[in-house]
Amino acid sequence: MIYNDVIYGSVSPSDFEINKIELAARIGAGINYENELLNKCFDEFNGVVNYKYAYIRIPVIVSGEICDFGFAKVKSSSLSKVLCDSKEAFIMAVSTGVEVDRLITKLYLKNDPSAFFIDSIGSAAVESLANYMNEKICQNLNTTNRFSPGYADFPLDFQRDLLSRINALQTVGITLNENLMMTPMKSITAVIGIK
């Protein structure tokens, strides 16, 4: 679907797999770790997850440490190095949906041990979703790695401009609090340069 000029939609859990290496690192176990509780947690997670994405392709001008996206400028030597050969960029956001947050919070409040596993599954899932969407939108293009606000010297407060530009509340249901934390918690934003 398109909202203004932003492309957005949902992804079915069957469209991609949660990266097992990512999940293993988050739960502190081996890659083939399995137990009854973890399997139950996957079922609970899959019962509430609502994978969403939004992205837009826009021009970018890099001058020194300044990246000008048209809707906002940001100073970041790290991002400038990533985008130095790019004339365009994708602005992207992905999320697992607010119901995952509610489930995690409810379980933590009850001191339920499955809260840890579902939290870890959510983190691995949103990373896997970001990778999946990165591959999908960058197919047949020469692109950079994705680069997110808050990484290196890319200011976290650029999150405001980025989320505003992709109409995040309407397209993926992401909001930002005064501490620059996103809701849903299991959300990722990124810039991807197109060379």
Side-chain angles (χ1 to χ4, degrees), residues 1 3 6 8-55 91-136 146-152 154-164 166-190:
M1 294 185 282
Y3 182 88
V6 178
Y8 72 101
S10 298
V11 176
S12 169
S14 63
D15 287 346
F16 71 98
E17 287 187 24
I18 296 174
N19 184 305
K20 289 183 180 181
I21 296 170
E22 180 80 30
L23 179 58
R26 293 191 181 271
I27 63 174
I31 190 168
N32 293 318
Y33 177 79
E34 239 184 86
N35 71 21
E36 192 175 313
L37 178 58
L38 183 59
N39 291 336
K40 176 183 165 279
C41 290
F42 264 109
D43 290 342
E44 278 189 83
F45 176 82
N46 287 328
V48 298
V49 71
N50 184 10
Y51 294 118
K52 293 183 179 183
Y53 67 86
Y55 67 91
I91 302 292
M92 175 181 79
V94 296
S95 174
T96 60
V98 73
E99 291 303 320
V100 170
D101 285 10
R102 289 183 181 137
L103 176 60
I104 292 167
T105 300
K106 179 179 91 173
L107 293 170
Y108 272 124
L109 289 172
K110 291 170 35 179
N111 289 323
D112 188 321
S114 58
F116 167 76
F117 285 114
I118 292 176
D119 195 352
S120 299
I121 291 167
S123 296
V126 75
E127 273 296 328
S128 299
L129 175 62
N131 290 337
Y132 169 79
M133 287 307 302
N134 193 138
E135 288 176 24
K136 185 174 172 118
R146 62 183 163 92
F147 207 84
S148 294
Y151 183 77
F154 186 8
L156 187 58
D157 65 3
F158 189 70
Q159 205 80 280
R160 282 188 194 99
D161 295 317
L162 190 154
L163 291 171
S164 176
I166 61 167
N167 305 298
L169 180 58
Q170 293 82 8
T171 58
V172 281
I174 297 174
T175 60
L176 195 65
N177 71 19
E178 64 277 355
N179 296 320
L180 305 173
M181 300 299 294
M182 290 184 285
T183 299
M185 295 181 297
K186 305 306 181 187
S187 299
I188 291 175
T189 59

Let me see the working for Y151 and L156 under side chain to side chain contact (heavy atoms under 4.5 Å, CB included), right down to the final yes or no.
-> CA-CA 8 Å; Y151 183 77; L156 187 58; over 6 Å; no
Distance-only polar pair, side chains of K186 and S123, donor-acceptor under 3.5 Å = yes
Using a distance-only test with no angle check, is there a side-chain donor-acceptor pair under 3.5 angstrom linking T189 and Q159?
-> yes
Taking C-beta and beyond as the side chain, do L169 and I174 meet within less than 4.5 Å on heavy atoms?
-> no
Taking the side chain as every heavy atom from C-beta outward, state whether V172 and V94 have any pair of such atoms under 4.5 Å apart.
-> no
Pairs satisfying side-chain hydrogen bond (donor to acceptor under 3.5 Å, both in side chains), at least one member in residues 41-55, at least two apart = K40-E44
Which residue pairs pass the side-chain hydrogen bond (donor to acceptor under 3.5 Å, both in side chains) test when at least one of the two sits in residues 99-108, sequence neighbours left out?
-> E99-R102, Y108-D119
For L176 and M181, run side chain to side chain contact (heavy atoms under 4.5 Å, CB included): C-alpha distance rounded to whole Å, both residues' side-chain angles, the deciding distance at 0.1 Å, then the answer.
-> CA-CA 6 Å; L176 195 65; M181 300 299 294; 5.8 Å; no
Is a side-chain donor or acceptor of [X] paired with a backbone partner of [Y] at a separation under 3.5 angstrom?
{"X": "S120", "Y": "F116", "value": "yes"}
{"X": "N19", "Y": "E22", "value": "yes"}
{"X": "T171", "Y": "I166", "value": "yes"}
{"X": "T183", "Y": "M185", "value": "no"}
{"X": "T96", "Y": "V126", "value": "no"}

I need the minimum non-hydrogen distance between [X] and [Y], along with the two atoms involved.
{"X": "M92", "Y": "L162", "answer": "O-CD2, 4.2 Å"}
{"X": "A125", "Y": "F16", "answer": "O-CE1, 4.0 Å"}
{"X": "P184", "Y": "S187", "answer": "O-OG, 2.7 Å"}
{"X": "F45", "Y": "I18", "answer": "CE2-CD1, 4.4 Å"}

Between [atom1] on residue [X] and [atom2] on residue [Y], distance to nearest 0.5 Å:
{"X": "N134", "Y": "N131", "atom1": "CG", "atom2": "CG", "value": "6.5 Å"}
{"X": "I27", "Y": "L23", "atom1": "CD1", "atom2": "CG", "value": "4.5 Å"}
{"X": "F117", "Y": "N39", "atom1": "CZ", "atom2": "CG", "value": "10.5 Å"}

Above 12 or not: heavy atoms from other molecules or residues under 6.0 Å from CG of L109?
-> yes
List the steps, then state whether side chain to side chain contact (heavy atoms under 4.5 Å, CB included) holds for C41 with I121.
-> CA-CA 8 Å; C41 290; I121 291 167; 3.9 Å; yes
Step-by-step side chain to side chain contact (heavy atoms under 4.5 Å, CB included) determination, L37 to S114 = CA-CA 7 Å; L37 178 58; S114 58; 3.8 Å; yes
Given the rule in the salt bridge (Lys or Arg N to Asp or Glu O under 4.0 Å) test, do R146 and E127 qualify, once you have shown the distances and angles that lead to the verdict?
-> CA-CA 11 Å; R146 62 183 163 92; E127 273 296 328; 2.9 Å; yes
